[in-house]
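Worksheet: one structure, shown below.
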Amino acid sequence: MIVLKFIGYGFTAIIIGLLFMGIGRKYTARIQRRYGPPFWQAFIDVTKLFSKQSLSHNWIMDFGILMGFAGIVGTILFMPIGPWHFFSLMNGNIVIIMYFMTIGSLGMAMGVSASGNPNSTIGISRALTLMVGYEIPFVIAVIGLIFVSKSSLLGTMVSLQSGGIMNWNIIKYPFGFIAVEMALQAMLGEKPFDVITAPSEIASGPMVELSGKMMGLAFLQHAAQIFLETGIVVNLFLGGANNIWEFFLKQFVLFILSLTVNAISPRFKFEDAVKWLWTWPTVFALIQLLIIILT
Amino acid sequence: MIQTSTKDLHDSGFEKVLNFFRKRSMWMLHYCTGCGAMELPPTMTTRWDMERFGIGPMATPRQADLLLITGYLSIKSLKRVIRTYEQMQDPKWVIGFGSCTINGGIYYDSYTVINRLSDYIPVDLTIEGCMPRPEAIMTGFQTLMDAIQKGEAVGYKKYKENYEWYKKNQDSVLGRTEPVFTSSEVKK
Amino acid sequence: MISNILLYTMIAAVISFALGQKLKAVRWSFSALFLGYVGFQLYGLYGQWGMVETHNIFSLGSINFSLNFGITKLGWFFAFFTTIINIMIWIFSIVKNMNEKEERGINFLWILLAGSNLAIFFSVDWITFFIAWEIMTWTSFFIITPGWKNSFKAANWYFILSMFGAYAMLVGIWWLYATPAIHTLNIASSIALLAKLSITAPGTVGIIIALFVLSFFAKSAVFPFHPWPAEAHAEAPDDFSPYLSGIMIKYGLYGILLFIVPLFIQIMKVNPNIAMVNGIPVYSYILAWFGAITAVLGTYLAIVSNDMKKLAAYSTVSNIGYAVTSMFILSSAGVTGGLFHVVNHAVFKSAIFLSLGAVKFRTHEREMHKLGGLATKMPITFLTFLLGIIAAAGIPPLNGYASKWIIYQALLSGHFPFLTTMIFLASTGAFLYLFRALHSIFLGQLPRKFNNVKEVPFLMQIPMILGILSMLGIGYAPGIVLKPIGLAVKAMGLTPMTVENTLMVGKLSSINTAVVSSTFIGAFFFAFAFYLIGKKRHHVEPLDNYTAGQDPEEFGLTPELYHFALKFYEPVKNIFRPIEEKLNIKNYYRALVRNANSFGATLSEMFKLSGAGSSMIFVLGLVVIILAGWML
Amino acid sequence: MKSNYAVLLIAIPLLVAFLQPLFSLINKRLTKWVTFLTIGFNFIYSLKLLNYVMANGAQIAIIGNWKPPFGINLYLSPFSMLFATIIYFVALIVLLVYLIDKPTEVDDRMSIATLLMVMASGAITLTGDIFNMFVFVEILSISTVILISFNNKGISFKGAFRYIVLASLGSSMLLLAIGFIYGSLGTLNLASIAYRFNLLNPVYASVIVFLFMAGIMVEAELFPFNAWVPEAYKGSKSYLNALLSGVVGTTGIYVLFRMFITIFGSGQNHIQVIGSVNFNAVIIVIGVLTTLIGEFSALSQKDIKKILAFSSMAQMGIIAVTIGVANMNSINAGIFHLINHAFSKSLLFIVAFPIINIVGSANIDKWEGLGRKNIFLAIAFAIGSFGLIGIPFFNGFWSKMMIVESVVSAGGWMYLVIGTILLSALVETFYFFRIIFKLFVDKKIESTYSVHIFIYLAILILSIIVIYIGIKPSFLATYIHKAAIDLVDKSHYISTVLGVIK
């Protein structure tokens, strides 16, 4: 039974993630006054990738890519998706989520750097430094919320925000939301912060050596990551949801918000990206924290 | 529009089903040589928008399915093209832009340029024109997509079948270019 | 019982020294077996709490000097887990010393060190504690520099700092003894009396605490003393670095847990008018901040270092920072988290250092950019290192996560927002340099000169495999280690955390580590299912890589050139460069040393002065003395 | 056992010293053996006297049965006999090495000088008469000058010259002080001086004490008067330095102990402020300055003899501080540290002698790799320096613990004092560990010099003593305890010497 539930969670994450990517590409195309690909384009890309021949340099590359994908899918179990929650005891423990997500990035990093291509390793070193960049504002905002809700479980946070829009955290703690929103932009690797897979500078960064099946897995991992990160922010600030579709809708709104920024903004120089992340969002998060401590 | 893939090696059965997905999401690696590269941005942007068919630019040969040779190829750059082509993963296709890839175009008599691209790597589709306009490129893509759907665009299989013939042609030309470092210097 | 264990250690040290140069393997296996016997004896001692043995040496004037050993819960816990790890390391050094030129003195001194290690944990009064502390300092000095010139500079930095700390502690001990209100050498009673004294004379109590904290921080490389481990661990012999950073650096933390933390707890109970912040005394909050600064500084210095052992040493410094911060929160979760992190750190750090030792054993190379691609050549070492860094980064399935989780529980439930941010910054930063080490040593391109590198002999792999198993085991069921810790915490007067074998219940949330590990394994199979779709992937040579169409051989591209590892985190260095110029602790220490030498030189010049000069000094001396007579 | 025979301790060495030229006519080496034997006799006899005195308390030895305070008497008490025995023992060990040193033509003069020096320092510890002490101080300084200029190189003359200047300055001040005492109190006997000292008017008394201190500080190598130490030690042979620091330094400190606590002091525990000058503070400041200067200048030295010279100067400074603190524990600590220093410092000097010959130079940079050549000397040097630094289970450790305890318990600005002392102890630990490290460096040294068995014997004896005191100091503790009580008990001193309290 658990296995079925597990597979159900995994597939919802992937499908919704791919759906968001497809619609997102359509949405960006429409911003650029182009017709844009059909919204199920992402599914086609994934099947095409899985049908292609693939290569790998050594067993660590395969193990790494698998670990990456497994890490992200594993984290989704810890996050409450609307009314569903996989574990009753550890329902959305924010500390576990944050550390389990690092398995994903560690796995991807290890697999990709096993390929021995300098472009991919530069990409990974940028990815990790950026991770430190966006973790600070995110953590400060989350700490504020933990103090307020007296527990580090997302489940309890969601239950505290139930009942009408007025007591959503986005209303009660607007600065925290702004900080997390900026951090989300970097988490998803969207345009101002897509220094990691910068196609023009380091030839699509980590994904240089990934082909066919490997690229497919990386694609699915990215989709699941979108689902996860938007899901976390929804639980934190938009008060979760009492039915699934409302949860997906809120996730989609957040994703579209970050896509709009992505479509219109150029790319940061790498040091400036980290410096920017440590100034603006961190300032907002600190203001929020001070407000919480003082009141 | 000259299609050169042979009929007998064409795909069959399950491959055909997969071809629908391969057709609908072709990732393109354009080897921007000569003057063809200029035609590609218009086909990508608002007016012709190749992304409608799922075709988009990719940075590395590992991820690409489609190799666009957009102009004349000197011998030295042919060496790079061959290596990139071999680094791409099956199923892969090659589109040659303009007359330079068909018969050397206006540089047919120059000592550095190769005349027929298809002698060295299997070209699935060549779009003639001294630099084909975006409309021609779009129709080219359409034809390639139909060929893939029908399972006839199998240049990569042809390359594997008669690999020695291709290698002989390539060595005959590449023999004239000395490598930048002799192998002895590198090994020490 | 304890004193004859220590006696046997002395005898074992002499026997092992007597074994000839050729019998190297016998020597090291004898010492490993002997320590196994000691470990067994220690296991037998579990439960006999409070048993004290005294041997008085002599009495003169109003002091009588006596050595007394006793078993406390905290002491037994530290002694037991350090002995286990020491056995693991010695199995590793059996093979290492067989194939390399061995310094006979190291084994002798190391057994003495192991003996003094036990004596520290079992000492009940301050004199025995100080004697064991000094023996440990000078023996470890000579192990770090067994006659190698370049390791002298590294080791004497460590030595001066620890001796400086030891003398500070000496003054502290005798100050305790000299103040009439306390006048005792027994550690436990000195805590109680000192707490009572803090009501009447907070100033003296503050200074005494400062002296002891100075010595413990100097030994555990906390903030102002953090640069020494990098040199000392890097230059030490390869099999001694795991001991150095796994066990030796924990003595300061043991001291804190033995004396400072229970003292603060007593003061909180006894003394109403102590200045409190956030529910804990101000002193302890400041010291927690020292721990946090160490964590962040250690992480930054590890990120920018290019020598693999230096990197691991800085990571030890930053992990010590976590433990110190969580201990000084003085909540039961804090102390348990700190203590648990000390054990976890000892386990995964010795695993990491063992694998680094194995890499150095095979490649004799310490600079990370000269290594690379060893994973396929040395699979077991790679696996140990991989699991080691996963544990060090605190990633769930392994033991590092369990203690980090408790530390976060303590910090968050205790309402320390900025401390939590610092610790979180440090632990995410930890992920940076840990991955960098994994990439530069094991992944990426394999240099040609290491083409025929083989895996280390089997005997060396045993401790590594043991390390992996213990990391996984503690990660899966942290309860095993948390139960004895619970006893030690209760002894300090705090209510221990409720813990079953795999379930840990904290204030803010609880976590079942077994479920977390099985989720990861389940997710791995889910991903593996996706991996099976599609054609089988084919193998490709490492150099057959995307090089923008350029053939590597023609281009003159060697694997060494193609391995990106030299300036891995240059952007991070650029961001912090302006701050680093202004505030650099190392320059401060170098300036101190220069001044001391020049001061000495001028003084010794004074003795060479000719008639006029020396008579002027003579008169000046007389004047100073006569003035002293009148004024003081 | 008549205690009057104690005067033999002084008479026999004097007699033998004057007969030396005769022995040198018979056979050059005989003079060395004769010196060795006389000092041997002195050692055994003083040991018997020590045990006798320990058993039944302090004795007096009257010379030419003139009753004190008119005649000269020797005061045999646990404190004085303990130090006499230690001086003779250290001299014996050094002479063991002197026996087998290669013969030179000045051997007979050297034997006379060593005999006189050892006799004089032994006599200073025993004498009960202040003028008698002055005479022996004179003999001591003359024989030290001869010893320093032993291997007549340029540097030893320079050292000897500086020593003569300071010694003559010191002894003239000493004579002046004795003159004032005799002028004001009319007596030369130490006991009666002690008895009448507080009758003097304070300013006058403080001048006397200052002058007296100036005289003694030359031998005790304390700050303003120790300008001669580096050159003197560098000039003379390293095992003879053991005599300089072990014997002369110990005697100097002994006199400070005796005079400040029993004679001038108030006896029981504190020297009261004599006149408006607080002599406790004076001695402590001298001690601290000497330690600071000694340790830091040793830090920058490269020559082993200079390093050991500065280190012995610094140790004397530490002991001076314990005199200044003057509570019961600090006196015990001071005596214990003086004994430890005598043993470990002479061990270091004696070990340095063969090492210099093997390596060829006294510069410690050249000592690298000696441990690989001769492991026994390296370990002996390590034992000596551990003893001096105070590593646990070596002799210096216990005395250093007691020093820290006593100084800390004195409270007030003593924390500053103990801070400087421990800082300089840290510096000392550093430069000794630097030398020990250099000994064990992995380098080859070739040398033809073979170390004589007697040197090994001497080193073995001293190392065993250093370790034995470290592990079981209880036997020495009884002696020290009795000596401290005797030192502090002023009225007992007066009553034993003068028969009855007048």
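All chains are named by letter (A, B, ...) in the order of the sequence lines, taking the proteins before the strands, and each is independently numbered beginning at 1. The figures that follow rest on heavy atoms only: side chains count, while hydrogens, waters and symmetry mates do not.
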Can you confirm if the aromatic rings of B:F21 and A:F50 lie within a centre distance of less than 6.0 Å? no
With a 6.0 Å cut-off on ring centres, are B:F141 and B:F53 close enough? no
Parallel, tilted or perpendicular: which describes the rings of A:F248 and A:W245, with under 30° parallel and over 60° perpendicular? perpendicular
Over 60° means perpendicular and under 30° means parallel, so classify the ring planes of A:F252 and A:F20, tilted if in between. tilted
Who passes side chain to side chain donor-acceptor pair (under 3.5 Å) against A:T47, sequence neighbours left out? none
Can you list the residues that meet the side chain to side chain donor-acceptor pair (under 3.5 Å) rule with A:Q32, with sequence neighbours excluded? A:R34
For A:K269, is there any backbone N or O sitting under 3.5 Å from a side-chain donor or acceptor partner on A:E271? no
Under 4.5 Å from any heavy atom of chain B - which part of A:I44: both
Counting only non-hydrogen atoms closer than 4.5 Å, does A:L55 touch chain B with its backbone (N, CA, C, O), its side chain (CB onward), both, or neither? both
Any salt bridge linking A:D62 with A:K213? Criterion: basic side-chain nitrogen under 4.0 Å from a carboxylate oxygen. no
If you check every heavy atom in residues 105-125 of chain A against those of chain B, which residues fall under 4.5 Å? none
Under a 3.5 Å cutoff, is there a donor and acceptor pairing between the side chains of [X] and [Y]?
X	Y	value
B:E15	B:N19	no
A:Y134	A:Q185	no
A:N262	A:E190	yes

What option among A:K52, A:M207, A:Q41, A:R33 has the most heavy-atom pairs under 4.5 Å with chain B? A:K52
Side chain, backbone, both or neither: which part of B:W27 has a non-hydrogen atom closer than 4.5 Å to chain A? both
Can you list the residues of residues 56-64 of chain B that sit under 4.5 Å from chain A, counting heavy atoms only? B:A59, B:T60, B:R62, B:Q63, B:A64
